[in-house]
Every structure is written in C-alpha cells, then in structure tokens.
There are 2 protein chains.
Amino acid sequence: MKEKMHSGLRFENSTLDEVDARILTALDADARLPTAELARLVGLSAPSVAERMRRLVNEGVVRAYTVEIDSKALGYQIRAMVRIRPLPGKLHLVERLIQETPQFIECDKITGDVPFLARLVVHSIEEMDDVLESLSEHAVTSTAVIKGTSVKRRLPPL
Amino acid sequence: MKEKMHSGLRFENSTLDEVDARILTALDADARLPTAELARLVGLSAPSVAERMRRLVNEGVVRAYTVEIDSKALGYQIRAMVRIRPLPGKLHLVERLIQETPQFIECDKITGDVPFLARLVVHSIEEMDDVLESLSEHAVTSTAVIKGTSVKRRLPPL
DNA sequence: GTTGAAAATAGCACGAA
DNA sequence: TTCGTGCTATTTTCAAC
C-alpha cells in the first residue's frame, strides 16, 4: 500500500513518462518485440525496459500480452453487434447464456434500456440464426452486421 | 501467388489442427511466451512451433501480437459505446471526425439506421461531453456508458 | 538507471520420417 | 511436407554497482 492518499482526485498511480508511452506503443504494434530491441528503440538498457514492463503489468496498465485474431481467416464470415434485452426476471439467465455461447466473443453491460451489447462471430447466416434463436425465448435482440471498420482498435492517447 | 483457384466457395485456407489451436490459446493468454516454452507446452520442437507461428501470421489468422491496455489504469474513468448517425451528406465527414478523435479507440461500420458504433474512453463526463459536442453539428449520437463486462474479449471457438 | 557474465532462447542449415 | 537436431548469435536474467 504505497498509494499517496493526498488531497482530492486520484484514480490511478500510473504516471507514464515518454519512455513508457513509447514502450507501450511499440508493444501494441508487436508484443513479441525482444526486450533488447525495445531497449534500443527507446534508448535504455534492456534490464531497465524489462523492469518498466514489469511495472506496467503490476500497475495494471498492461492487462495482458495477447494476440489479435482475424476471425474471417478462421472461417467466421460474419461479425455482428447484438443488443440484447432480457425479458423481465431473466437478466441473469440471459447473461449466463451469452457467456456460454462461444460465438459471443465480447459482451459489455451498458446503461440504457438494452443491458447487453455483444460481439458475435458466426460462419453463416444459419449459424447466426441459431444463436439468436437460442436467446429468443428469454430476450429481445437487435442485430447489426458489421460491414467494415472505421477505426481499428488502438491505444487511448498516452 | 500460390492460391488454389479451385472450384467454388473458398474463403480461407487455414486448417487449424489441435496443435495450432493450443498455440493460439497459449499466445492469447500470453503473447510473449518464449517459443521454446510454447514448444514444451504443445509437445513439439521449438523450430516447428516457430514455423507454425510464422504460418499463422502469413495466413492472416494472427493479425498481430499486441497488448491489452486497461484504460482505467490510465485515468480514463469512463468507457462508452456511442452510436453515431451522420446527418444527410455528412457520412464521410463524420467518419473522418471519428478517426481523428483519439478517444474513439474503436469504430465499426454496421448495418441498420445507425452507420457507426464506436468505443469511447474519456477521463470525465466533461470530456465525454466535449467529444460528443464536437460531433453534434454533423451527427446524432446515442451514448451508452459501459457499466461492466459480461464476456471479456476471447477467442472464437477453434 | 547501467554494466557484465551465465543461462536460456532464437534462427538457421541440414537430415529423417 | 513437417518435424527434429546441432550449431551460433542473440536475448534474458541476475548480480553488483
């Protein structure tokens, strides 16, 4: 517990300096960059960079090093955003159903009259219909097929 | 150009076997796993695994090795999904505005009466208002604040 | 934050199934 | 083709500063 409990608003302790920002930017582009190469990029020694990376993970800034998959390349021809409004009393049941349906690869709980917004990947219209059908008894859904991407996932401003 | 131009429907060439699936699953959990350790996990030699990783990248299955950032840890207290409907004739202008607003860290083009669905991160309500205000002249927006996550980003079924 | 030495790893050529 | 082995260069890690 080395948080500074000073005056007022303080929500996180991560004061990213320029070097951290450059490390994160580089890792965002290629998370498998060798630490040694990262070190050359930012002009520090490898142990320093390794230490910073550990710090960023411990602080929770870096939640994970992961892989970005192209679902189309796996045969999932269709991606869609599905808004899901459970029928009265079925909120938790529906949430469980979403979680247990692997074609939902992401689902946020949101404010407003529609509690869930989920990302769906399917091989075909038929599969999409199957998935939505499996919810139809417990929820009203509204589906928007993804036609393309305007902004590819990117880092927030650092 | 070694694509097989055979008969009909063929959208991808990636026939993932069990080993590929396990490699992807492991890399999804930690993209910085050393190839040698991955090799031990899947029971192959390191060069074989390295070769498979190259293949997965070349086939487009792996779009990138990247980093998952916790925007809250960076001080972005609020995340929201924003549905954006440009006013007549302003579709391209609005798309450009979205792209040039770094607080939009993701934006899909979708079917339906609302062309854009964007993910927004901001430090405060005031900042959120600023961003939405900057669009208000050219588009109608509808914002749902993200209260939590039901399904964390995960791999599609392999 | 740096340096330097030891251990682990990555990349490459080559041969085997 | 796909995988394994042996080699060398590079990287990682840990210590001491």
Side-chain angles (χ1 to χ4, degrees), chain A residues 1-4 12-70 73-75 158, chain B residues 1-7 9-69 73-74 155 157-158:
Chain A
M1 281 304 203
K2 50 172 59 178
E3 300 177 31
K4 304 177 198 164
E12 39 32 73
N13 37 8
S14 58
T15 317
L16 298 194
D17 62 13
E18 277 247 354
V19 176
D20 291 325
R22 291 171 65 188
I23 290 175
L24 288 180
T25 302
L27 287 174
D28 182 58
D30 180 7
R32 285 187 70 85
L33 267 183
T35 311
E37 199 172 326
L38 258 176
R40 283 189 288 274
L41 287 176
V42 304
L44 287 186
S45 67
S48 291
V49 172
E51 162 71 22
R52 280 168 181 265
M53 290 171 63
R54 256 175 264 127
R55 213 199 64 225
L56 289 167
V57 170
N58 288 341
E59 280 179 347
V61 173
V62 172
R63 199 193 286 283
Y65 299 106
T66 187
V67 67
E68 189 180 313
I69 294 294
D70 181 354
L74 293 177
L158 304 175
Chain B
M1 280 304 202
K2 50 172 60 175
E3 300 176 33
K4 304 178 198 165
M5 294 294 281
H6 64 158
S7 49
L9 316 165
R10 182 171 190 83
F11 299 103
E12 36 38 67
N13 36 8
S14 57
T15 317
L16 297 194
D17 62 14
E18 278 246 357
V19 177
D20 291 325
R22 290 173 63 188
I23 291 175
L24 288 180
T25 302
L27 287 174
D28 182 57
D30 181 6
R32 286 187 69 83
L33 268 183
T35 310
E37 200 172 325
L38 257 177
R40 284 189 287 273
L41 287 176
V42 304
L44 286 187
S45 70
S48 292
V49 172
E51 161 70 23
R52 280 166 181 265
M53 290 171 63
R54 253 175 268 126
R55 213 197 63 223
L56 290 167
V57 170
N58 288 341
E59 279 179 347
V61 173
V62 171
R63 199 194 284 284
Y65 299 105
T66 186
V67 67
E68 188 179 315
I69 294 294
L74 292 177
L155 294 178
L158 303 176

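Below, all heavy atoms of this structure are taken into account, side chains as well, without hydrogens, waters or symmetry copies. Order of the sequence lines sets the chain letters (A, B, ...), proteins ahead of strands, with each chain counted from 1.
What you find for R32(B) and P34(A) is that their closest heavy atoms are NH2-C, 4.3 Å. Taking every heavy atom of both residues into account, L41(B) and A26(B) meet most closely at CD1-CB, 4.4 Å. Closest of all the heavy-atom pairs between L155(B) and T25(B) is CD1-CA, 3.9 Å. Between L38(A) and L27(A) the shortest heavy-atom distance is CD1-CD2, 3.7 Å.
dC14(D) atom P lies 7 Å from atom CZ of R54(A), rounded to whole Å. For the pair L16(B) CG and dT2(D) P, the computed distance is 13 Å after rounding to whole Å. Rounding to whole angstrom units, CG of residue D17(B) and C1' of dT1(D) are separated by 13 Å.
In this structure, R52(A) and V42(A) have side chains that are not in contact, with every pair of non-hydrogen atoms separated by 4.5 Å or more.
Within the structure, every side-chain polar atom (N or O) of S45(B) is placed at least 4.0 Å from both OP1 and OP2 of dC3(D).
Contacts of R40(A) with the nucleic acid, taken as non-hydrogen atoms under 4.0 Å apart, involve only primed sugar atoms and P, OP1 or OP2. Residue R55(B) is out of contact with every strand shown, counting any heavy-atom pair closer than 4.0 Å.
Under a 3.5 Å cut-off, the side chain of T66(B) and the backbone N or O of D28(A) do form a donor-acceptor pair.
Annotation: proximity of residues 22-38 of chain B to DNA chain C (heavy atom, distance under 4.0 Å) is found for P34(B), T35(B), A36(B), numbered in ascending order.
Nucleotides of DNA chain C that come within less than 4.0 Å of any heavy atom of chain B span, from the 5' end to the 3' end, dT9(C) to dC12(C).
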- Item | Candidate pair V49(B) and M53(B), rule side chain to side chain contact (heavy atoms under 4.5 Å, CB included), full reasoning | CA-CA 6 Å; V49(B) 172; M53(B) 290 171 63; 4.0 Å; yes
- Test L56(B) against L16(B) for side chain to side chain contact (heavy atoms under 4.5 Å, CB included), laying out the working first. CA-CA 9 Å; L56(B) 290 167; L16(B) 297 194; 3.6 Å; yes
